[in-house]
Amino acid sequence: MVGAGYVGLVSGACFAEFGAEVTCVDVDPDRVAGLRDGAVPIYEPGLEDLVRRNADDGRLRFAIGPGAEVGTADLVFIAVGTPARRGDGHADLRHVYQAAKKLAPNLRGYTVVVTKSTVPVGTAREVHRIVRDTRPEADFDVASNPEFLREGSAIEDFMRPDRVVLGVESARAEALLRELYRPLNLIETPILATGIESAELTKYASNAFLATKISFINEIAALCEATGADVHAVARGMGLDGRIGRKFLHPGPGFGGSCFPKDIAALSRIAVERNVPARIVEATIAANAAQRGRMREKIRNALDGDVEDKRIGVLGLTFKPETDDMREAPSLHVLPPLVDEGARIRAHDPQGMEAAAAHLPETVRFCADPYEVAEGADAVVLMTEWNAYRGLDLERVRDAMDGRVFVDLRNVYEPGSMRTLGFRYVGVGR
């Protein structure tokens, strides 16, 4: 597994749990040393125990590389980062191609080189060219096996996936990959073998569609506020249609994280390069940016249009619960402009405060618990729906505040109950 970041480490640990012999290699010696000592560099529920158990059992190892370990492998997965490139939003593939060039001299015997990173159409073809140019005599195939892991539930997603997509062009490569995923036969997981380009595009298309559902329901939420409808009732009515489904019809401050923003930007760029309009994808990007602006305005309006010198307590900073990932988190787009307008912000997050400190203004004060956040606050804003915020002692929160404004950007609480408790409750689409 070339790359011991989020995708590589989760995938490597899960393959080891399946019984495979896995070596995760990384160019960062500090990361490798930490993993050898049992230090997992990312927060993902269950991952630390999974890594430690398989390392102790000898199925999971860590090395600086890629080096000699590649020569003993039947399959080599490239699982390095593909961040959005500055300027045009295209996926930055430097690390993918560097990995291909470094692993090629170490190939011994027949090997399948698999792109696990999320990459644009044509990347696997370029990986094949790089390996062939670097090692002309190598016996290898290239395949695409996109990941569909949700942060916060990645292990469950890997162990019980909706599907496994294999982009292959040879029977040998398909056979090796099917053997690796054979434990999933017990739960009858669909395994789709298709062409390489189709596999690469499936990941982008899937994320773009899910992001579109989020932006769609957020725009419906704004319409609900303008008409007096309840977005939760509308979403339930929509979701009961089997053609639509209930998932991802949850209004909020917009999508973020390591996947959706960069993947739909990359898909839009792919379409531009091939002169194919992608108007729905482009509208999804624009709608998500507009939603963040609406959330800032919602907070301002709840404080009578002026946040200067107002004390705002914020619950949750990460883009979603059960992760410490701050990449493209809505909080990073909603809070700094309020600080610029003079708001005094206190914040709490169960896992994300250390990461958030590097991105938020220095004036943001981090608190030990949700009740410290509420002390003296003119308003409390629920930004991320961590379980720790779902069962708050609301009377304690109310009594700690100076004001009574509660802005619930995730619609965790019921408006009627909150108003009965004396809050001036503001939700999304309700």
Side-chain angles (χ1 to χ4, degrees), residues 1-16 22-35 40-42 44 47 51 60-71 73 75-86 89-107 111-131 133-135 140 142-149 151 154 158 165 167 177 180 196 199-200 203-204 207 257-263 265-266 269-270 325 327-328:
M1 190 67 62
V2 180
Y6 187 85
V7 172
L9 189 57
V10 171
S11 300
C14 289
F15 281 139
V22 179
T23 302
C24 287
V25 301
D26 200 279
V27 296
D28 185 344
D30 292 335
R31 172 165 292 205
V32 171
L35 286 166
V40 174
I42 55 176
E44 176 66 33
L47 181 59
V51 168
L60 182 61
R61 294 176 291 276
F62 304 98
I64 300 171
E69 297 80 12
V70 169
L75 301 111
V76 178
F77 287 82
I78 297 176
V80 297
T82 55
R85 195 165 62 194
R86 286 188 176 183
H90 200 283
D92 188 340
L93 300 174
R94 287 177 298 169
H95 300 304
V96 173
Y97 296 150
Q98 287 169 2
K101 193 167 186 177
K102 288 180 179 179
L103 70 84
N106 297 288
L107 294 175
T111 312
V112 183
V113 179
V114 187
T115 53
K116 193 71 170 168
S117 305
T118 300
V119 294
V121 175
T123 302
R125 299 284 180 197
E126 182 63 11
V127 167
H128 189 282
R129 185 196 65 77
I130 290 170
V131 175
D133 288 351
T134 306
R135 186 78 184 285
F140 74 100
V142 169
S144 172
N145 176 216
E147 54 86 13
F148 299 96
L149 305 178
E151 293 187 55
F158 198 101
V165 177
L177 282 163
L180 180 64
I196 290 175
E200 290 173 330
K203 174 60 185 289
Y204 280 120
N207 278 356
S258 62
C259 292
F260 283 8
K262 76 176 183 68
D263 288 356
R269 184 64 186 177
I270 292 167
D325 198 339
R327 285 174 287 184
E328 289 297 319

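Note that the structure is predicted; figures quoted are calculated from it, not measured.
- Each salt bridge (charged side-chain N to carboxylate O under 4.0 Å, His left out) pair with one or both residues in residues 22-33, not counting sequence neighbours, would appear here, but there are none.
- Atoms SG and CG, from Cys14 and Leu47 in turn, are 8.0 Å apart once rounded to the nearest 0.5 Å.
- What you find for Thr115 and Ser144 is that their closest heavy atoms are OG1-CA, 3.5 Å.
- Residues that satisfy the side chain to side chain contact (heavy atoms under 4.5 Å, CB included) test with Pro261, not counting sequence neighbours, are Phe255, Glu328.
- Thr123 and Glu200 share no side-chain donor-acceptor pair at under 3.5 Å.
- Two residues are said to be in side-chain contact when any heavy atoms from C-beta on lie closer than 4.5 Å; Val80 and Tyr97 fail this criterion.
- Considering only residues two or more places apart in sequence or on other chains, Asp325 meets the salt bridge (charged side-chain N to carboxylate O under 4.0 Å, His left out) condition with Arg327.
- Take Glu69 and apply the salt bridge (charged side-chain N to carboxylate O under 4.0 Å, His left out) test, not counting sequence neighbours, and it matches no residue.
- Here the CG-CZ distance, from Leu35 to Arg61, works out to 14.0 Å after rounding to the nearest 0.5 Å.
- Looking at Thr82, its side chain never comes within 3.5 Å of a backbone N or O of Leu93 through a donor-acceptor pair.
- Residues passing the salt bridge (charged side-chain N to carboxylate O under 4.0 Å, His left out) test with Arg125 are Glu169, Glu197, sequence neighbours excluded.
- Shown here are the ring-ring contact (aromatic ring centres under 6.0 Å, His included) partners of His95, two or more places apart in sequence or in another chain: there are none.
- Here the side chain of Thr111 pairs no donor or acceptor atom with the backbone of Leu107 at under 3.5 angstrom.
- For Lys203, the side chain to side chain contact (heavy atoms under 4.5 Å, CB included) partners at least two apart in sequence or on another chain are Thr118, Pro146, Glu147, Phe148, Asn207, Asp263.
- Ala154 approaches Val10 most closely through the heavy-atom pair CB-CG1, 4.0 Å.
- In this structure Arg129 satisfies the salt bridge (charged side-chain N to carboxylate O under 4.0 Å, His left out) test together with Glu126, Asp133, sequence neighbours excluded.
- The CG atom of Asn145 lies 6.0 Å from the CG atom of Leu177; values are rounded to the nearest 0.5 Å.
- Ring planes of Phe158 and Phe15: perpendicular class, angle over 60° (limits at 30 and 60°).
- Shown here for Val27 and Gly65, the closest heavy-atom pair between the two residues is CG1-O, 3.4 Å.
- Between the CG atom in Leu103 and the CD atom in Gln98 there is a gap of 12.0 Å [rounded to 0.5 Å].
- For Phe140, the ring-ring contact (aromatic ring centres under 6.0 Å, His included) partners are His128, not counting sequence neighbours.
- Not counting sequence neighbours, Phe62 has no partner by the ring-ring contact (aromatic ring centres under 6.0 Å, His included) test.
- Contacts of Glu44 classified as side-chain hydrogen bond (donor to acceptor under 3.5 Å, both in side chains), with partners at least two apart in sequence or in another chain: Tyr6.
- The side chain to side chain contact (heavy atoms under 4.5 Å, CB included) check on Ala104 picks up Val131, Thr134, Arg135, with sequence neighbours excluded.
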